[in-house]
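Labels below follow one simple rule: chain letters A, B, ... track the order of the sequence lines, proteins then strands, and each chain is numbered from 1.
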Protein chains: 2
Amino acid sequence: MVNRAELDQILAGLEKTEELEGLQKAIVSLRRVFGIDHIVYHWVDSAGEQYGCGTYPLKWIDHYSEKNYLRVDPVIIGCYQRFHPIDWKRLDWSSKQARQFFADAQSFGVGNQGYSIPVRGPQGQFALFTASHNCDDATWAEFIEQNGRDLILIAHYFNRKALEFEADKKMEQSRSLSPREIDAMTLLAMGYSRPQVAHALSISEHTLRVYIESARFKLGAMNTTHAVARAIGCGLIVV
Amino acid sequence: MVNRAELDQILAGLEKTEELEGLQKAIVSLRRVFGIDHIVYHWVDSAGEQYGCGTYPLKWIDHYSEKNYLRVDPVIIGCYQRFHPIDWKRLDWSSKQARQFFADAQSFGVGNQGYSIPVRGPQGQFALFTASHNCDDATWAEFIEQNGRDLILIAHYFNRKALEFEADKKMEQSRSLSPREIDAMTLLAMGYSRPQVAHALSISEHTLRVYIESARFKLGAMNTTHAVARAIGCGLIVV
DNA sequence: TTCCAGTTCCCCATAAATAGCGAGGTCCGG
DNA sequence: CCGGACCTCGCTATTTATGGGGAACTGGAA
């Protein structure tokens with residue numbers, strides 16, 4: 001059974017920390033409190049940069065990136081399209097690559113059981129909070145039943161902190177577009193051509209061009225496609 | 001003080017429900033358990049469709065959409081760029097439009113205090129879970145201090161259920177792109193022109209064109225911009 | 001009141017993307 | 001072993017987007 005007071009204390013400490021190392025420390029403490037083999041938090045930001053902390057063996061992490069397992073790992077693939085936390089057993093391990101990957105992971109000491117919680121940030125950041133352990137199915141099911149809710153909350157707190165650190169790095173973003181520029185970008189993202197967009201907005205094609213160029217300039221984009229991609233990435237328009 | 005047993009029972013009921021009405025019922029119960037004026041859950045999916053349930057007066061909801069307040073509401077604007085839950089007091093109410101909006105909301109019986117939790121789905125869905133009440137700052141601060149964590153968890157459960165219903169409606173999506181197609185889309189989203197992408201991938205411009213057209217076809221897109229927008233929206237590429 | 005950001009309009013030239021045709025290779029699973 | 005999905009290359013013509021100039025009206029902020 002988990003010591004709730006200690007858990008609260010760890011979360012409080014996590015909330016107060018000012019450095020990235022605080023995440024790693026919290027993970028080590030959490031592993032002890034929950035009494036499991038591994039806890040990992042890993043995220044990818046809108047620029048494709050990655051950050052991870054956790055208790056997986058360094059050799060496994062190196063091996064993982066070396067083999068480019070990011071494209072094979074059913075945990076990543078499965079969670080990327082999903083919202084709810086998921087037990088590893090419910091993922092798709094049918095392909096040969098996936099089974100080989102799992103066997104490889106086992107040999108590096110990753111648990112045979114796992115529970116991964118996807119978390120998403122406002123700019124398309126994607127993070128995964130994973131608890132992993134070596135035990136039988138029944139024991140693991142009971143562990144998740146007992147602690148699933150806490151793990152969701154912890155994943156949320158981790159992500160909040162990680163995004164806080166990221167925000168420090170890039171504040172220059174988030175310049176907004178004018179209403180007309182948003183209209184234009186939105187319609188372009190919906191697949192309309194310039195003449196169609198101009199007609200839809202009841203303005204001349206030239207005026208539309210001014211908006212597109214203005215938006216491109218504001219977003220620091222090279223062309224329309226880039227501008228739309230950035231607008232979506234920044235949450236300025238809804239796809 | 002909140003009755004935890006009752007809260008757990010409501011969440012369990014929410015998890016089991018098979019209909020959208022289950023969300024509305026849960027909200028009514030939650031409002032009673034927490035003893036506050038309003039609870040609202042509102043989401044927008046990747047196609048721009050909206051769904052909402054909650055306890056705001058219908059007249060306010062009509063008034064809101066009639067006045068097109070979605071573009072003015074500081075709660076929406078603020079939460080869309082944020083990850084962590086936020087107290088309405090900490091939002092930006094400096095503009096005249098915002099203050100006018102707030103006054104208007106008050107006149108319709110919306111609470112003067114509020115706490116909104118943004119939640120995001122895998123395909124760019126954005127939801128907001130809001131608790132609102134009429135009381136002084138200190139009382140509200142204590143309420144949030146007491147129940148903030150539970151509210152986060154509840155928001156998570158609501159979103160999980162809402163996405164479940166949405167998934168039923170559109171399973172046809174999520175066809176994947178080939179590795180080369182992903183490379184091409186990714187570089188295009190990064191602002192490279194076709195010649196640049198072709199050079200970066202060390203392939204001929206023609207071959208690149210085949211990928212782009214293939215991706216466009218798979219995504220049902222009208223042009224490159226549309227395809228990139230969809231690829232991002234579907235989480236097939238990372239911006 | 002002045003000034004700036006936003007909205008709106010026009011022409012012309014060039015660069016880029018799209019559309020049409022076809023063709024040969026690998027690699028995987030039924 | 002064969003079909004299908006994937007990767008690779010070529011040609012030409014048309015449509016579309018982008019860039020370079022300039023100009024006027026609006027409304028809210030300093």
Side-chain angles (χ1 to χ4, degrees), chain A residues 71-72 92-100 175-231 236, chain B residues 71-72 92-101 174-231 236:
Chain A
R71 305 245 177 211
V72 179
D92 176 24
W93 298 96
S94 60
S95 88
K96 202 166 68 183
Q97 283 186 325
R99 280 193 303 270
Q100 195 179 316
R175 223 170 307 147
S176 62
L177 300 177
S178 77
R180 274 323 230 187
E181 285 159 359
I182 291 176
D183 291 342
M185 288 293 114
T186 303
L187 289 168
L188 287 170
M190 284 164 56
Y192 292 103
S193 69
R194 281 181 166 201
Q196 288 175 315
V197 174
H199 182 253
L201 296 178
S202 304
I203 56 177
S204 77
E205 269 194 68
H206 182 91
T207 302
L208 173 66
R209 216 187 72 190
V210 175
Y211 295 144
I212 297 173
E213 274 171 13
S214 169
R216 260 217 331 259
F217 181 76
K218 286 184 184 173
L219 296 165
M222 309 286 286
N223 50 46
T224 302
T225 300
H226 193 194
V228 168
R230 288 212 159 172
L236 295 169
Chain B
R71 305 245 176 212
V72 178
D92 176 23
W93 298 96
S94 60
S95 88
K96 202 165 68 181
Q97 283 186 323
R99 281 193 302 270
Q100 195 179 317
F101 164 76
S174 78
R175 221 170 308 149
S176 64
L177 300 178
S178 79
R180 274 324 229 186
E181 285 159 0
I182 290 176
D183 292 340
M185 287 294 114
T186 304
L187 289 167
L188 287 169
M190 284 163 55
Y192 292 102
S193 68
R194 282 181 166 200
Q196 288 175 315
V197 174
H199 183 254
L201 296 177
S202 304
I203 56 176
S204 77
E205 271 194 68
H206 182 91
T207 303
L208 173 67
R209 212 188 75 188
V210 175
Y211 295 145
I212 297 173
E213 275 171 11
S214 168
R216 256 215 336 257
F217 181 75
K218 285 184 185 174
L219 296 165
M222 308 287 286
N223 51 45
T224 302
T225 301
H226 193 195
V228 167
R230 288 212 159 172
L236 295 169

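- Atom-to-atom, CZ of R216(B) to C1' of dA17(C) comes out at 9 Å; the value is rounded to the nearest Å.
- dG20(C) atom P lies 13 Å from atom CZ of F217(B), rounded to whole Å.
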task = Show the numbers, then the answer: is there a side-chain contact (heavy atoms from CB on, under 4.5 Å) between I203(B) and Y211(B)?
result = CA-CA 11 Å; I203(B) 56 176; Y211(B) 295 145; 3.6 Å; yes

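- Atom-to-atom, CG of L208(B) to C1' of dC7(D) comes out at 12 Å; the value is rounded to the nearest Å.
- Counting any heavy atom pair closer than 4.0 Å across all strands shown, T207(B) reaches a base atom.
- Rounded to whole Å, the distance from NZ on K218(B) to P on dC6(D) is 4 Å.
- Note on T224(A): only backbone sugar-phosphate atoms sit closer than 4.0 angstrom, heavy atoms only; bases stay farther off.
- Contacts of R180(A) with the nucleic acid, taken as non-hydrogen atoms under 4.0 Å apart, involve only primed sugar atoms and P, OP1 or OP2.
- Going from atom CD of E205(B) over to atom C1' of dC9(D) covers 13 Å, rounded to whole Å.
- Here the side chain of S178(B) is nearest to one of dC6(D), dT18(D), dG10(D), namely dC6(D).
- The residue S193(A) sits close only to the backbone: its heavy atoms come under 4.0 Å of sugar-phosphate atoms, none of a base.
- Side-chain N/O atoms of R209(B) and base N/O atoms of dA16(C) include no donor-acceptor pair closer than 3.5 Å.
- Atom-to-atom distance recorded for R194(A):CZ and T225(B):OG1 is 9.5 Å, nearest 0.5 angstrom.
- Taken to the nearest 0.5 Å, the OG1 atom of T224(A) stands 6.0 Å off from the CE atom of M185(A).
- Between H199(A) atom NE2 and dC9(C) atom P there is a gap of 13 Å when expressed in whole angstrom units.
- Look at CG on D183(A): it is 15 Å from C1' on dT8(C), rounded to the nearest Å.
- Taking atom CZ on R194(B) and atom P on dA17(D), their separation rounds to 13 Å, with Å as the unit.
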Next item on the list: Using the side-chain contact (heavy atoms from CB on, under 4.5 Å) rule, take Q196(B) and H199(B) through it: C-alpha gap first, then chi angles, then the decisive distance, then the call.
Entry: CA-CA 5 Å; Q196(B) 288 175 315; H199(B) 183 254; 5.7 Å; no

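- Distances shown here put every side-chain N or O of Y211(B) at or beyond 4.0 Å from the OP1 or OP2 atom of dC6(D).
- Relative to the side chain of I203(B), the nucleotides dA17(D), dC9(D), dA19(C) differ in distance, and dC9(D) lies closest.
- Using modelled atom types, one side-chain atom of R180(B) and one backbone atom of L201(B) make a donor-acceptor pair closer than 3.5 Å.
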